[in-house]
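Everything on this sheet refers to the single structure shown next.
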Amino acid sequence: MELSFNQISPKPDPVHGKPCRRSSHGVSILNNGSVLVLYGGEHVARTPLDDKESLWFAVKQDDDNDNWQWQCILPTGTKPPARVAHAQAAVGDRTVYVFGGRAGITMKEKA
């Protein structure tokens, strides 16, 4: 099996800028490698990011691997609760499943 690694540097979202630095987040790839989904994580230890920071897409603008753009996604309707240290998996081109993790400082909180 041959692997390749590419570093991307998406341009900022024109309104929201770039995602904050974070750890304990999840990343999935959709649309045949043209959309990166960044979800959840923490900027302060064991404190999930709020809705305005938790979900971002990096979208490839064309076939050039250097032309990506961040999009801050502010979901409406049903959305997953804030998550830290979760697992996530992409299925097909439009679905990301989020598993486990924490919604706060303790493991006893309700998500």
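Along the sequence shown, residues are numbered consecutively beginning with 1.
- Between the side chain of Arg83 and the main chain of Gly100, a donor-acceptor pair closer than 3.5 Å is present.
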Would you list the atom pairs, donor with acceptor, under 3.5 Å between side chains in residues 32-44 and any protein atom, with sequence neighbours excluded?
residue : atom : partner : partner atom : Å
Ser34   : OG   : Asn31   : O            : 2.7
Tyr39   : OH   : Pro80   : O            : 3.4
Tyr39   : OH   : Pro81   : O            : 2.7
Glu42   : OE1  : Arg46   : N            : 2.7
Glu42   : OE2  : Ser23   : OG           : 3.4
Glu42   : OE2  : Ser24   : OG           : 3.2
His43   : ND1  : Arg21   : O            : 2.7

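- Every residue two or more places apart in sequence or in another chain that forms a side chain to side chain donor-acceptor pair (under 3.5 Å) with Lys11 is listed here: Asn67.
- Closest non-hydrogen pair, Pro10 versus Lys18, comes out as O-CE, 4.0 Å.
- Through side-chain heavy atoms spaced under 4.5 Å, either directly or across other Ile, Leu, Val, Met, Phe, Trp or Tyr residues, Leu3 is tied to Met1, Phe5.
- Between Trp70 and His16, the closest side-chain pair of non-hydrogen atoms is not below 4.5 Å.
- Residues satisfying the side chain to side chain donor-acceptor pair (under 3.5 Å) test with His25, not counting sequence neighbours, are none.
- Applying the side-chain hydrogen bond (donor to acceptor under 3.5 Å, both in side chains) rule to pairs touching residues 87-101 yields Ser28-Gln88, His86-Gln88, sequence neighbours excluded.
- Across all non-hydrogen atoms, the minimal contact from Leu49 to Cys20 is CD2-SG, 3.7 Å.
- Annotation for Pro14 and Gln69: closest pair CD-NE2, 3.3 Å, computed over non-hydrogen atoms.
- By the salt bridge (charged side-chain N to carboxylate O under 4.0 Å, His left out) test, Asp51 is found to be paired with Lys79, residues two or more places apart in sequence or in another chain being considered.
- Taking every heavy atom of both residues into account, Ile8 and Ala58 meet most closely at CD1-CB, 4.5 Å.
- Atom CD of Gln71 sits about 5.0 Å away from atom CD1 of Ile73, to the nearest 0.5 Å.
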